Amino acid sequence: MAALPSIIETTQSASRQPLLEVRELGKLFGPDKGCQHVSFDLYPGEVLGIVGESGSGKSTLLSVLSGRSQPQDGNITYCNKQGELVDLYSSSEAERRTLLRTEWGFVEQNPRDGLRMGVSAGANIGERLMAQGVRNYSALREQGLSWLNQVEIDANRIDDLPRTFSGGMQQRLQIARNLVSSPRLIFMDEPTGGLDVSVQARLLDMLRRLVRELDLAVVIVTHDLAVARLLADRLMVMRRSRVVESGLTDQILDDPQHPYTQLLVSSVLQS
Ligand SMILES: Nc1ncnc2c1ncn2[C@@H]1O[C@H](COP(=O)(O)OP(=O)(O)OP(=O)(O)O)[C@@H](O)[C@H]1O
C-alpha cells in the first residue's frame, strides 16, 4: 500500500506503542471555554474516563480527540492496525472519516444521534460491514443476529425499526452498530445518561464485558463518578478547560489531591 502523507512512521513494537498520543491539545471558544494543554497516552485495551462539572470542556475535548472537530493547538498520533503512526490532523477529512467508521467508533449520549432511525436494527448493524465491502446477505444477517445476541437484544427484533425500541435497547443497538467492524478505539459521550438507574446498571455490565472481551480502548466522558469507577482504568479531571488531575481511577476517587477533585468526590458522597 502506498504510504499516506499522514503516516509519519511505521513502528515495529506495536504492543509497546500507545494507541493514541495526545500532546498539548487545545480548542477554545472563549477564555477557559473548551479545552487546553491536554496531553496523555492511551494504550490498547485501556479505558480512560474524562470527568468534570458541566461546561468544563469534556465534550469539546472528546470531539477534538475523535477527529470530529479541528483543534487550534497540539496534535494526536494514532497507531493504526498496520502499526503505522498516523498524525490525525494532517490526515484529510476523508481519511479521518474512514478511521471513525472502521478502526474507531463513537457512541453518542442520545442513541437517536448515532442510529439510523428509519432502517431496521439489522440494517443498522450491517451498515459498517457493507461500507467495508461485505455484500453477502446471509453473512450480514448472521452478523446482525450475532451482535443482537451480544448486546442482549432478542433476535426476533432484527427487522424492527429502532424507534420501536426502549431507550436502553436503542443504546445497546448503537453499541452493536459501532462494534461490528471490530474497532480498536471507542469514544463515548455519557453513554448511560438519560437512562433509568436499573437500565444503566445493565448497560454498564454489558459494556464492561465487551471492553474486556474485545480488548477495546475507550475514552468515555461522564459526569457520573460511579460510572467512571465501574468502567475506567484511569481518569482525567477537567475544570474550566484544563485537566487539573489525572491518574488511576481508584487513586483519584479514594485519595483526590486537587481541591476541585476533592470537592467533586465529596459532593457525590454527600448526595
Ligand atoms: N460550538 C460552541 N460555540 C461556543 N461555545 C461553545 C461551543 N461548544 C462549547 N462551547 C462552550 O465551551 C465550554 C465547554 O463546553 P463543553 O460542552 O465541552 O462542556 P462539558 O464539560 O461537556 O459540559 P456538559 O457536561 O454540560 O456537556 C462551555 O462554556 C460551552 O458553552
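Predicted model only: the values in this text are computed from it and were never measured.
Shortest non-hydrogen contact noted between P111 and G167 is CG-O, 4.2 Å. Across V244 and R239, no two heavy atoms sit closer than the pair CG1-CB, 3.9 Å. Counting all heavy atoms, side chain and backbone alike, S246 lies closest to I252 at C-CD1, 3.4 Å. Contact record, E245 with D255: OE2-O, 4.5 Å, taken as the closest heavy-atom pair. Pairing each heavy atom of Q170 with each of R163, the nearest pair is NE2-CA, 3.9 Å. For P256 against D254, the heavy-atom pair with the smallest separation is CD-C, 3.5 Å.
Two residues are said to be in side-chain contact when any heavy atoms from C-beta on lie closer than 4.5 Å; R128 and N178 meet this criterion. Contact annotation: the side chain of L203 approaches that of R172 to within less than 4.5 Å [non-hydrogen atoms, C-beta and beyond]. Annotation: side chain of M188 is not in contact with side chain of Q174 (no heavy-atom distance under 4.5 Å). Side-chain contact between R68 and F187: absent, with no pair of heavy atoms (C-beta onward) separated by less than 4.5 Å. A 4.5 Å side-chain heavy-atom check between N75 and Y89 finds every atom pair outside the cut-off. Within the 4.5 Å cutoff, no side-chain heavy atoms of I220 are placed close to those of L207. The shortest distance between side-chain heavy atoms of V86 and E95 does not fall below 4.5 Å. Between F165 and L115 the shortest side-chain heavy-atom distance does not fall below 4.5 Å.
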Quiz prompt | Residues L65, I50; criterion side-chain contact (heavy atoms from CB on, under 4.5 Å); working and verdict | solution = CA-CA 12 Å; L65 285 174; I50 303 175; 4.2 Å; yes

Self-check item: Residues Q171, Q200; criterion side-chain contact (heavy atoms from CB on, under 4.5 Å); working and verdict
Solution: CA-CA 10 Å; Q171 198 53 300; Q200 270 192 25; over 6 Å; no

Exercise. Carefully, step by step, assess V38 and M236 under the rule side-chain contact (heavy atoms from CB on, under 4.5 Å).
Key: CA-CA 10 Å; V38 179; M236 284 195 325; 4.1 Å; yes

Practice problem: Begin from the C-alpha positions of L25 and C35 and carry the test side-chain contact (heavy atoms from CB on, under 4.5 Å) through to its verdict. | Solution: CA-CA 8 Å; L25 201 64; C35 61; 5.5 Å; no

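One finds the OH atom of Y260 at 14.5 Å from the CZ atom of R242 (value rounded to the nearest 0.5 Å). We find the CG-CG distance between N149 and D154 to be 10.0 Å, quoted to the nearest 0.5 Å. With rounding to the nearest 0.5 angstrom, the CD atom of Q150 is 9.0 Å from the CE atom of M206. Once rounded to the nearest 0.5 Å, the distance linking CD of E190 with CG of L62 reads 10.0 Å. Distance check, rounded to the nearest 0.5 Å: SG of C79 to CG of L42 gives 12.0 Å. The CD atom of Q70 sits 8.0 Å away from atom CD of E93, with the distance rounded to the nearest 0.5 Å.
In this structure, the side chain of K27 does not engage the main chain of G34 through any donor-acceptor pair within 3.5 Å. In terms of modelled atom types and a separation under 3.5 Å, the side chain of T249 and the main chain of R234 share a donor-acceptor contact. Not a single donor-acceptor pair under 3.5 Å links the side chain of T77 to the backbone N or O of L85. Looking at D233, its side chain does come within 3.5 Å of a backbone N or O of V47 through a donor-acceptor pair. Put simply, the side chain of E103 gets close to the backbone of K81: a donor and an acceptor are under 3.5 Å apart.
Residue pairs satisfying the ring pair (Phe, Tyr, Trp, His ring centres under 6.0 Å) criterion with at least one member in residues 56-87, sequence neighbours excluded, are listed as follows: Y78-W104. The side chain to side chain donor-acceptor pair (under 3.5 Å) analysis of residues 111-126, with sequence neighbours excluded, yields the pairs R116-E127, N124-R177. Sorted by first and then second residue, the ring pair (Phe, Tyr, Trp, His ring centres under 6.0 Å) pairs with a member in residues 199-247 form an empty list; sequence neighbours excluded. A side chain to side chain donor-acceptor pair (under 3.5 Å) check over residues 50-66, counting only residues at least two apart or in different chains, returns the pairs S63-S69.
In summary, the side chains of T164 and R157 do present a donor paired with an acceptor at a separation below 3.5 Å, with no hydrogens or angles considered.
The local environment of CZ in R229 is crowded, with over 12 non-hydrogen atoms from other residues, nucleotides or ligands closer than 6.0 Å.
Residues L216 and L185 are members of separate hydrophobic clusters, defined by side-chain heavy-atom contacts under 4.5 angstrom among Ile, Leu, Val, Met, Phe, Trp and Tyr. Hydrophobic clustering (side-chain heavy atoms under 4.5 Å, transitive across Ile, Leu, Val, Met, Phe, Trp, Tyr) keeps L230 apart from L225. I186 and L231 end up in the same hydrophobic cluster when Ile, Leu, Val, Met, Phe, Trp and Tyr side chains are linked at under 4.5 Å. Under a hydrophobic clustering in which Ile, Leu, Val, Met, Phe, Trp and Tyr are joined whenever their side-chain heavy atoms come within less than 4.5 Å, directly or via other members, V107 and L99 fall into different clusters. Residues L19 and L100 are members of one and the same hydrophobic cluster, defined by side-chain heavy-atom contacts under 4.5 angstrom among Ile, Leu, Val, Met, Phe, Trp and Tyr.
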Ignoring hydrogens and angles, write down the donor-acceptor pairs under 3.5 Å from the side chains of residues 141-148, residues two or more places apart or on other chains.
residue	atom	partner	partner atom	Å
R141	NH1	D159	OD1	2.9
R141	NH2	D159	OD2	3.2

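Judged as a side-chain hydrogen bond (donor to acceptor under 3.5 Å, both in side chains), and not counting sequence neighbours, Q262 has no contacts.
Checked for salt-bridge contact, D73 and R23 miss the test: no charged N lies under 4.0 Å from a carboxylate O.
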